[in-house]
Amino acid sequence: MCERLDNCWLQKMKTFNLEGPTWAFFTPEQMFGEEAKLRAAHKHYINADLYMLTKMNKVFFDTKKTRVTRDGSLSMVLHVGNQEKKEFDKIKLKFPLIISTYTIPSVKETFSSMKECFATLLYRQYVPRSDRKKTVVKIAKGLHRRGILTDKALFKVLMLVYSTEIKFEHKTPYEVSVYDPIIECTTDNEKAKLARQKNPRRYELNDANWDLEKKKEVNFDELPGFNETYNATFMVDQVVNLLDVDVGGQEVIYIGKTEQDDFNRLSAHNKLNKLNALHLRDEYKSNVVHLLGFKHYETIGFSNRNSNIKNSDAISTAEACLINYFKPRDNTHYVDDSGADGWKHRKVLKKKKYTNIKVLLDIDGQYTKFYTKHLGHQGKNSHDFEFRI
């Protein structure tokens with residue numbers, strides 16, 4: 001009897017779900033120039049409905065401590081702001097340059113591990129620049145074929161030669177420009193074009209997230225890392241996320257709608273600019289803008305299906321729910337539950353017979369550990385919460 005009643009109750013429940021948000025982020029200085037154009041071409045920016053302004057510990061490279069190691073990595077030191085101590089903590093790390101090549105989807109699916117990828121590219125693709133180094137590699141490969149050098153010993157020789165050709169430069173404490181011989185020896189426009197024609201499915205995911213027409217407007221020569229000396233640039237946030245370095249959580253300061261179709265226009269967003277100015281004064285903290293685009297659907301009992309809620313109402317619901325959950329310090333609407341029955345989005349959902357709103361904000365990475373003082377924790381990646389209507 002109780003089980004039948006439970007099933008009847010479940011069948012009457014109609015839940016509006018918001019989850020699976022696309023995510024992209026940028027710092028205020030990345031809202032202009034060619035970097036902004038590149039972001040404007042990415043669909044995670046184009047399709048973003050909401051933005052969150054957050055504060056995080058300031059993170060930058062110690063430009064005097066970066067070194068190339070014998071295994072083709074960069075030994076680096078990060079400074080991480082510590083507001084309580086009024087100083088910067090130091091984090092030592094090792095950044096293997098091969099990680100940037102290995103994380104390309106078409107490369108990653110080819111190799112079982114990053115080490116296998118590195119060893120294969122060194123053996124098959126890498127050719128040193130100088131004749132002397134070419135001779136060393138040729139002799140080592142010959143000894144390996146004759147069984148005199150083991151696989152491990154050959155790999156060490158190749159890594160050592162490779163590491164001597166790596167160059168780097170810090171133009172600012174927030175980026176490192178690198179000349180990586182692996183990137184050069186694996187970059188061939190003609191070969192890439194042929195590979196794309198032969199394996200379109202492998203490459204279609206790379207294009208799926210871009211507006212290719214807008215991407216054509218980007219002058220890649222003016223982007224960091226595109227010059228004769230260096231062939232890659234890594235921002236400090238890329239290094240942090242790739243190596244999963246704990247640099248603390250992101251305090252949510254403000255949540256709002258983008259209210260714009262084009263990412264470029266977000267730079268003129270008055271509220272965002274005002275808040276940026278207010279919070280840039282902190283010596284040990286920095287601002288980050290996160291862009292989110294939620295998917296929505298409905299659940300009745302145990303069945304999921306598309307909802308007939310207009311996209312604008314879904315965006316308003318997402319905004320209100322996130323504000324009500326996080327209660328950011330600079331938001332005023334939706335922070336307090338008083339008057340919730342009169343909120344427009346709730347009236348719309350009630351009219352459509354919804355009984356609950358369920359939200360899942362779940363994004364992996366060091367730059368998505370969100371928190372507020374109201375929540376009482378120092379940041380986590382997954383936030384799963386529900387409201388009764």
Side-chain angles (χ1 to χ4, degrees), residues 35 38 59-79 90-130 133-134 136-137 140-141 151-189 191-192 206 220 223-245 247 365-367:
E35 285 195 67
L38 187 62
V59 184
F60 56 91
F61 297 116
D62 187 328
T63 58
K64 296 180 180 179
K65 296 293 178 67
T66 302
R67 300 286 183 274
V68 178
T69 64
R70 292 184 176 183
D71 62 356
S73 300
L74 292 183
S75 173
M76 312 179 86
V77 174
L78 291 183
H79 288 280
K90 294 181 180 180
I91 299 178
K92 293 182 179 180
L93 55 87
K94 197 173 186 180
F95 182 60
L97 294 177
I98 189 62
I99 196 171
S100 66
T101 299
Y102 181 67
T103 50
I104 297 171
S106 57
V107 175
K108 195 168 186 178
E109 70 178 21
T110 306
F111 301 99
S112 60
S113 68
M114 190 164 68
K115 185 176 181 180
E116 182 197 353
C117 173
F118 192 23
T120 303
L121 293 178
L122 278 179
Y123 187 82
R124 294 181 181 174
Q125 299 280 117
Y126 171 58
V127 178
R129 285 184 161 186
S130 75
K133 291 175 185 177
K134 286 177 184 176
V136 171
V137 168
K141 287 182 176 180
D151 290 349
K152 187 176 181 180
L154 174 64
F155 188 33
K156 281 188 175 181
V157 172
L158 294 176
M159 280 195 302
L160 182 59
V161 175
Y162 161 75
S163 67
T164 63
E165 296 198 321
I166 295 170
K167 297 177 183 178
F168 69 88
E169 178 188 13
H170 288 285
K171 294 180 180 177
T172 74
Y174 300 97
E175 64 184 75
V176 57
S177 295
V178 177
Y179 167 73
D180 181 0
I182 288 289
I183 291 178
E184 182 175 273
C185 72
T186 55
T187 303
D188 186 316
N189 291 335
K191 287 183 179 179
N206 295 337
F220 285 89
L223 286 171
F226 285 85
N227 56 54
E228 293 178 359
T229 308
Y230 305 105
N231 55 16
T233 291
F234 301 99
M235 308 305 292
V236 68
D237 53 78
Q238 289 176 285
V239 174
V240 165
N241 276 322
L242 284 169
L243 299 184
D244 200 28
V245 182
V247 293
Q366 286 297 329
Y367 274 60

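On a predicted model such as this, the values are computed, not experimentally measured, just so you know. When reading the values below, keep in mind they use all heavy atoms of this one structure, side chains included, and skip hydrogens, waters and symmetry mates.
For Lys141, the side chain to side chain donor-acceptor pair (under 3.5 Å) criterion is met by no residue, not counting sequence neighbours. Not counting sequence neighbours, the partners of Lys94 by the salt bridge (Lys or Arg N to Asp or Glu O under 4.0 Å) test are Asp71.
Of the residues listed (Val239, Asp237, Val240), the one engaging Val59 in a side-chain contact (heavy atoms from CB on, under 4.5 Å) is Val240, and it is the only one. Exactly one residue among Tyr162, Tyr126, Phe111 makes a ring-ring contact (aromatic ring centres under 6.0 Å, His included) with Phe118. That residue is Tyr162. Across Leu160, Val127, Val161, a single residue satisfies side-chain contact (heavy atoms from CB on, under 4.5 Å) together with Lys133, and that is Val161.
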Note to self: Lys65 vs His79, test: side-chain contact (heavy atoms from CB on, under 4.5 Å). Steps then yes/no.
What the structure shows: CA-CA 11 Å; Lys65 296 293 178 67; His79 288 280; over 6 Å; no

Item checked: Steps toward side-chain contact (heavy atoms from CB on, under 4.5 Å) verdict (Val236, Phe60) -> CA-CA 6 Å; Val236 68; Phe60 56 91; 5.5 Å; no

Next item on the list: Before giving the answer on side-chain contact (heavy atoms from CB on, under 4.5 Å), spell out for Ile182 and Leu122 the whole-Å C-alpha distance, their side-chain angles and the decisive distance to 0.1 Å.
Entry: CA-CA 7 Å; Ile182 288 289; Leu122 278 179; 4.0 Å; yes

Next item on the list: Determine, step by step, whether Val157 and Val137 satisfy the side-chain contact (heavy atoms from CB on, under 4.5 Å) criterion, reporting the C-alpha distance in whole Å, the side-chain angles of both residues, the deciding distance to 0.1 Å, and the verdict.
Entry: CA-CA 8 Å; Val157 172; Val137 168; 5.7 Å; no

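Summarising the geometry, atom OG1 belonging to Thr69 is positioned 7.5 Å from atom CG belonging to Leu74; distances are rounded to the nearest 0.5 Å. In this structure, CG in Leu93 is found 6.0 Å from CG in Leu243, a value given to the nearest 0.5 Å. Expressed to the nearest 0.5 Å, how far NZ of Lys64 lies from NE2 of His170 amounts to 12.5 Å. If you take OG1 on Thr103 and NZ on Lys108, they are separated by 7.5 Å, rounding to the nearest 0.5 Å. Taken from CD1 in Ile166 to OH in Tyr230, the straight-line distance is 13.0 Å, to the nearest 0.5 Å. Within the model, atoms CE of Met76 and OG1 of Thr63 stand 10.0 Å from one another, a figure rounded to the nearest 0.5 Å.
Checked against the 6.0 Å centroid threshold, Phe168 and Phe95 do not count as a close aromatic pair.
Under a cutoff of 6.0 Å and an axis angle of 45°, Arg129 and Tyr179 form a cation-pi pair.
Of all the heavy atoms in Pro128 and Lys134, the pair that sits closest is O-CE, 2.9 Å. Between Glu184 and Asn231, the shortest heavy-atom contact is N-ND2, 3.7 Å.
Looking only at side-chain heavy atoms (C-beta outward), Ile98 and Cys117 come within less than 4.5 Å of each other.
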